[in-house]
Number of protein chains: 2
Amino acid sequence: MKSTAIKATQNAAPPPNPTPGYAVEEQVGHLLRRAHQRHTAIFQESFAELQLTPTQFAALVKIKDLGQVSQNQLGRLTAMDPATIQGVIQRLLLRGLIGRHPDPGDRRCTLLRLMPSGLALAEKGVERGRAATEATLAPLAPAERAAFLALLRKLT
Amino acid sequence: MKSTAIKATQNAAPPPNPTPGYAVEEQVGHLLRRAHQRHTAIFQESFAELQLTPTQFAALVKIKDLGQVSQNQLGRLTAMDPATIQGVIQRLLLRGLIGRHPDPGDRRCTLLRLMPSGLALAEKGVERGRAATEATLAPLAPAERAAFLALLRKLT
DNA sequence: GGTTAATCATATGTATACGAACAATCAAAT
DNA sequence: ATTTGATTGTTCGTATACATATGATTAACC
């Protein structure tokens, strides 16, 4: 009887217990996460053929722009912490898209550069990157885009 | 001689090769990622004592608000795909913060509810959640905040 | 009533994300 | 010249994020 009562009690739905003034879906963190997810999905569509993720592509373009850059510096420029950029670099090395060698001036540092295949992908990806950015911002009018990006920069 | 020349060539810094009209750090995806990283760091500070991540806290609050919810529904409400919400649920179960049982009306579904310790954490976290949201938006003036959130919603 | 399609949750694999610890190296201080 | 502190990159562990596949279950269709 008791165990039946307990089980019945256990399975009775707890009543809703709303939190006044705090809706999860209204919090800026939640909205940023969703906007980022949506952007990643859009990017994924544009880059499916090239098989590059947003962070991999960012790394490739930044190496292309600079010609040569240390791993640590690349991480700083692309907002990836040392452990994260290490993983991204590993995967790009594995695909033969980049090369690396020690910095003769500072043996702590590793210098990165593009291999021809990496250069080809970086160049091929630029237009798709632009398209992904455009598609992400498509729900905003031009004036809204400028305003949004300016405000977003203040939050970085 | 040749191998020396090759090595010298190999290590000569490739020249910069800028990408006109495409700066990685100006792309909305990059900015969203950084803004989200900053928010996560702020949240981490506020929630260090409670040992909850943003997604874990969101799940707890949403379960509290509804009383009882299926795992799939919870995932949808908190923008987490089935594999992701499964992992978050596992960790909350492991800490004894939530409980679950099959839905008698649909045995595919698992129903989730808070345990007392989960309710305590959810309630304790609300003020810190508000503080994290406030701190994240602190660089914006009040009118800017409203504008930013409205635009951000359009991108979700 | 039987078949087919859809749904739910789990499992697996890949890719970030980052804190913490470590070893090697360099800069700064003494 | 030596010591100390900082920097760089790697490793490990934990936590998302999500595509894909799977089995169990339910809904829709015939």
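Numbered from 1 within each chain, the chains take letters A, B, ... in sequence-line order. Remember, predicted model here, so these are calculated numbers, not experimental data.
For the pair Leu32(B) CG and dA17(D) C1', the interatomic distance rounds to 16 Å; values are reported in whole Å. Nucleotide dA9(C) holds its C1' atom 11 Å from the CD1 atom of Ile89(B), rounded to whole Å. If you measure from atom CD of Gln51(A) to atom P of dT14(C), you get 13 Å, rounded to the nearest angstrom. As rounded to whole Å, 14 Å separates atom C1' of dT26(D) from atom CG of Asn72(B). Rounded to an integer number of Å, the gap from Ile85(A) CD1 to dG9(D) C1' is 12 Å. The distance between atom CE of Met80(A) and atom P of dT10(D), rounded to the nearest whole Å, is 14 Å. Between the CG atom of Leu52(B) and the C1' atom of dT16(D) there is a distance of 15 Å, rounded to whole Å. Note: CZ (Phe43(B)) to P (dA17(C)) measures 18 Å, nearest angstrom.
Within the 4.0 Å cut-off from OP1 or OP2 of dG9(D), not a single side-chain nitrogen or oxygen of Gln86(A) is found. Between Arg107(A) and dT8(D), a side-chain N or O to OP1/OP2 separation shorter than 4.0 Å is absent. Of the side-chain N and O atoms in Arg100(B), none sit less than 4.0 angstrom from OP1 or OP2 of dA9(C). Of the side-chain N and O atoms in Arg38(B), none sit less than 4.0 angstrom from OP1 or OP2 of dA17(C). Distances shorter than 4.0 Å separate none of the side-chain N or O atoms of Arg33(B) from OP1 or OP2 on dA15(C). Note on Thr53(A): a side-chain N or O is less than 4.0 Å away from OP1 or OP2 of dT16(C).
Note: Phe47(A) and Phe43(A) have parallel aromatic rings, judged against thresholds of 30 and 60 degrees for the angle between ring planes.
The side chain of Arg91(A) lies closest to dA15(C) when the candidates are dA9(C), dT25(D), dA15(C). Considering only the side chain of Val88(A), dT16(C) comes nearest among dT16(C), dC8(C), dT11(D). Nearest to the side-chain atoms of Ala83(A) among the listed nucleotides dG9(D), dT11(D), dA11(C) stands dT11(D). Closest to the side chain of Gln71(A), from the set dT16(C), dT10(D), dC8(C), is dT10(D).
Within 4.0 Å (heavy atoms only), Gln37(B) reaches sugar-phosphate atoms of the nucleic acid but no base atom. Within 4.0 Å of Asp81(B), counting heavy atoms only, lies at least one base atom of the nucleic acid. Heavy atoms of Gln56(B) sit under 4.0 angstrom from primed sugar atoms or phosphate atoms, though from no base atom.
The nearest heavy atom of DNA chain C to Gln90(B) and to Thr84(A) marks one nucleotide each, and the one closer to the 5' end goes with Gln90(B). Residue order along DNA chain C, read from the 5' end via each residue's closest nucleotide, puts Pro82(A) first among Asp106(A) and Pro82(A). Positionally, the nearest nucleotide of DNA chain D for Cys109(A) lies more toward the 5' end than for the other of Pro104(B) and Cys109(A).
Looking at every heavy atom in both residues, Ala135(B) comes nearest to Ile42(B) through CB-CG2, 3.7 Å. Between Lys64(A) and Leu114(A), the closest heavy-atom pair is CB-CD1, 3.4 Å.
Using a 4.0 Å cut-off between charged nitrogen and carboxylate oxygen, Glu26(B) and Arg153(A) count as a salt-bridge pair.
Looking at Arg108(B), its side chain comes within 3.5 Å of the base of dT7(C) through a donor and an acceptor atom.
Gln44(A) CD: 12 or fewer foreign heavy atoms inside a 6.0 Å radius.
At a cut-off of 3.5 Å, with distance as the only test, no side-chain donor of Gln71(A) or Thr110(A) sits close to an acceptor on the other residue.
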